[in-house]
Amino acid sequence: MLQSARTLMGLFLSGRRLGLPVELATMQIRQMTQFDIPAGMRLKEIAYWNQSEADWELFLAANPEGCFVNEVDGRVAGTVATIVYEDRFAWIGMVLVDPEFRKHGIGTALLQKAIQHLDSRDIPCVRLDATPQGRPVYEKLGFVDEYEIERWRLTRQAGHAKSVVSAPNLERALLLDREVFGADRSGLLRSMAESAPEFVQVLIGHAGVTGYSLGRRGSHSDSLGPWVARDEGATEQMLDTFLARSGRETIVIDCLKSNPWARGALQARGFEFERPLTRMRRGANIHKGRPELVCGILGPEFG
Ligand SMILES: CC(C)(COP(=O)(O)OP(=O)(O)OC[C@H]1O[C@@H](n2cnc3c(N)ncnc32)[C@H](O)[C@@H]1OP(=O)(O)O)[C@@H](O)C(=O)NCCC(=O)NCCS
């Protein structure tokens, strides 16, 4: 209570100092709760993002103390969510500000709050995937580029989704994923596999797992990711299987620009480039993982 009063007063004063409109001087940051999910959905819908209520719930379940909203006159005007992976690094996602209140420092204030929370937990590195709009805001807070990601979109005629007899065992893929991602995110992946078992693929060759992928049913489109492969054959096989099992009219995939096979495979199947994303970090990351095996990421909000 005392803390939130201080936050309110701090923002009141900095709002006054910045010469903000009176209504912005009454903004405050507080922890996000389940009851804020509809407000978060409203903001992500304005930005035409693909997340569902379940994605917000995952953030709130994983790190309830690390999700915040900014209120202006009691109305949610911005959000930020964080998730910590094995205390190795954290991810910041769902950075959204109501267009009505943008360019008044709300995005920056929410990020500072998230960083302060992660610093208090001694998390050595904070990472995120930045949109072109978010990137300058992150740069000012000390984030630097790691590598480029590209969003590709396929628009097709909706078709019959190919049915699946049973989902493969994910356990071997989860072991490889820790190596590839740089930290254990098995809880998150298990929950995604439960929500969309038809999208789980694990390819096994002579030398072990040659590829694995999961998928999500978003509010506007289906997405493939993580999409991880050791060779071109596995890359294409998982993409084709996913496309057949989805049947959805719109598909989005966030693919690593440096991957030798992914972009070509997407282009050959009619995907079109939509926008760049930049993976960024603040603080040294000694758990780099193996990005060279990644065709597509799980999602910008989770890494
Ligand atoms: C990106 C986003 C979150 C930024 O939110 P915001 O509240 O506008 O962010 P800020 O106000 O802190 O900073 C934005 C700009 O306003 C400037 N600014 C901040 N306070 C200001 C003030 N009082 N007067 C004038 N400009 C100000 C900042 O310097 C910054 O400038 P820059 O774009 O040149 O770097 C918002 O644009 C958004 O929701 N975009 C859509 C979703 C998205 O892309 N999110 C990022 C995901 S990675």
Side-chain angles (χ1 to χ4, degrees), residues 50-52 54-55 58 85 91 129 149-154 156 161-205 207-218 221-248 250-271 277 279 289-303:
N50 205 22
Q51 287 84 4
S52 61
D55 293 315
L58 277 174
Y85 294 114
W91 218 269
D129 291 327
I149 293 168
E150 293 181 338
R151 169 150 299 186
W152 289 73
R153 180 179 295 270
L154 175 70
R156 61 180 180 173
K162 202 172 164 212
S163 59
V164 184
V165 183
S166 66
N169 186 334
L170 196 57
E171 295 312 307
R172 285 173 78 180
L174 292 178
L175 285 178
L176 178 58
D177 186 74
R178 184 170 184 240
E179 198 186 311
V180 169
F181 184 58
D184 181 9
R185 56 174 173 178
S186 54
L188 195 56
L189 295 188
R190 277 199 189 93
S191 138
M192 303 213 160
E194 256 171 48
S195 303
E198 68 278 22
F199 289 152
V200 179
Q201 298 184 66
V202 181
L203 305 188
I204 311 280
V209 176
T210 53
Y212 63 90
S213 62
L214 282 83
R216 285 198 279 168
R217 298 221 180 256
S221 49
D222 286 353
S223 62
L224 171 66
W227 174 28
V228 174
R230 290 193 196 270
D231 57 51
E232 190 170 10
T235 301
E236 295 191 351
Q237 185 183 332
M238 286 187 287
L239 176 59
D240 287 332
T241 303
F242 169 77
L243 291 175
R245 289 180 184 176
S246 159
R248 193 105 174 249
T250 312
I251 306 287
V252 292
I253 300 181
D254 294 316
C255 122
L256 253 71
K257 194 174 174 183
S258 57
N259 186 278
W261 311 298
R263 292 164 92 223
L266 294 173
Q267 272 169 314
R269 286 155 183 80
F271 279 77
L277 286 164
R279 183 152 288 191
R290 298 188 60 190
E292 70 278 9
L293 296 183
V294 180
C295 304
I297 64 167
L298 168 57
E301 72 280 43
F302 292 117

Exercise. Would Leu266 and Ile253 satisfy side chain to side chain contact (heavy atoms under 4.5 Å, CB included), going step by step from the backbone distance to the final call?
Worked result: CA-CA 9 Å; Leu266 294 173; Ile253 300 181; 3.7 Å; yes

For this session: Evaluate the side-chain proximity of Pro197 to Val164: yes if any heavy-atom separation is below 4.5 Å, no if none is.
Result: no

Exercise. Are any non-hydrogen side-chain atoms of Leu188 and Leu298 less than 4.5 angstrom apart?
Worked result: yes

Exercise. Between atom OG of Ser223 and atom CG of Asn50, what is the distance when rounded to the nearest 0.5 Å?
Worked result: 6.0 Å

Problem set entry | Closest heavy-atom pair and its distance - Asp177, Pro226 | OD1-CG, 4.4 Å

Exercise. Picking from Val200, Leu203, Val180, what satisfies side chain to side chain contact (heavy atoms under 4.5 Å, CB included) with Tyr212?
Worked result: Val180

Exercise. Any side-chain heavy atom of Pro291 sitting closer than 4.5 Å to one from Arg279?
Worked result: no

Exercise. Within a strict 4.5 Å, meaning less than it, do heavy atoms of the Glu236 and Trp261 side chains meet?
Worked result: no

Problem set entry | Check: Leu293 and Glu179 side chains under 4.5 Å, non-hydrogen atoms | no

Problem set entry | Heavy-atom pair of closest approach, residues Trp227 and Leu239 | CZ2-CB, 3.8 Å

For this session: Provide the closest heavy-atom pair for Arg216 versus Met192 in the form atom of the first, atom of the second, distance.
Result: CD-SD, 3.6 Å

Problem set entry | Any donor-acceptor N/O pair, Arg263 side chain to Asn259 backbone, under 3.5 Å | no

Problem set entry | Leu170 vs Ser186 side-chain heavy atoms within contact, under 4.5 Å | no

Exercise. According to the interplanar angle, ranging from 0 to 90°, do the rings of Tyr85 and Phe181 count as parallel (below 30°), tilted (30 to 60°) or perpendicular (above 60°)?
Worked result: perpendicular

Seminar exercise, completed: In this structure, CD of Glu198 is separated from CG of Leu214 (nearest 0.5 Å) by 10.5 Å

Exercise. So do the side chains of Arg190 and Leu174 get within less than 4.5 Å of each other, counting heavy atoms only?
Worked result: yes

Exercise. Of all heavy-atom pairs between Gln51 and Glu301, which one has the smallest distance, and what is that distance?
Worked result: NE2-OE2, 3.1 Å

For this session: Output the distance between atom CG (Asp254) and atom CD1 (Ile297), rounded to the nearest 0.5 Å.
Result: 4.5 Å

For this session: Could you check if a side-chain atom of Phe271 sits within less than 4.5 angstrom of a side-chain atom of Leu154, using non-hydrogen atoms only?
Result: yes

Problem set entry | Nearest heavy atoms of Gly303 and Arg185, plus distance in Å | O-NH1, 3.6 Å

For this session: Output yes when a side-chain donor or acceptor of Arg156 lies under 3.5 Å from a complementary backbone atom of Ile251, and no otherwise.
Result: no

For this session: For Phe302 and Trp91, run side chain to side chain contact (heavy atoms under 4.5 Å, CB included): C-alpha distance rounded to whole Å, both residues' side-chain angles, the deciding distance at 0.1 Å, then the answer.
Result: CA-CA 6 Å; Phe302 292 117; Trp91 218 269; 5.7 Å; no

Exercise. Thinking salt bridges, do Arg245 and Asp222 make one under a 4.0 Å N-O criterion?
Worked result: no

For this session: Kindly say whether Leu277 contributes a backbone atom to a donor-acceptor pair with the side chain of Asp129 at under 3.5 angstrom?
Result: no

For this session: Measure from the side-chain N and O atoms of Thr241 to the backbone N and O of Gln237, and report whether any donor-acceptor pair falls under 3.5 Å.
Result: yes

For this session: Would you check if the side chain of Asp184 reaches a backbone N or O of Arg178 as a donor-acceptor pair within less than 3.5 Å?
Result: no

Exercise. Do you know the tightest heavy-atom contact between Thr235 and Ala229?
Worked result: OG1-CB, 3.3 Å

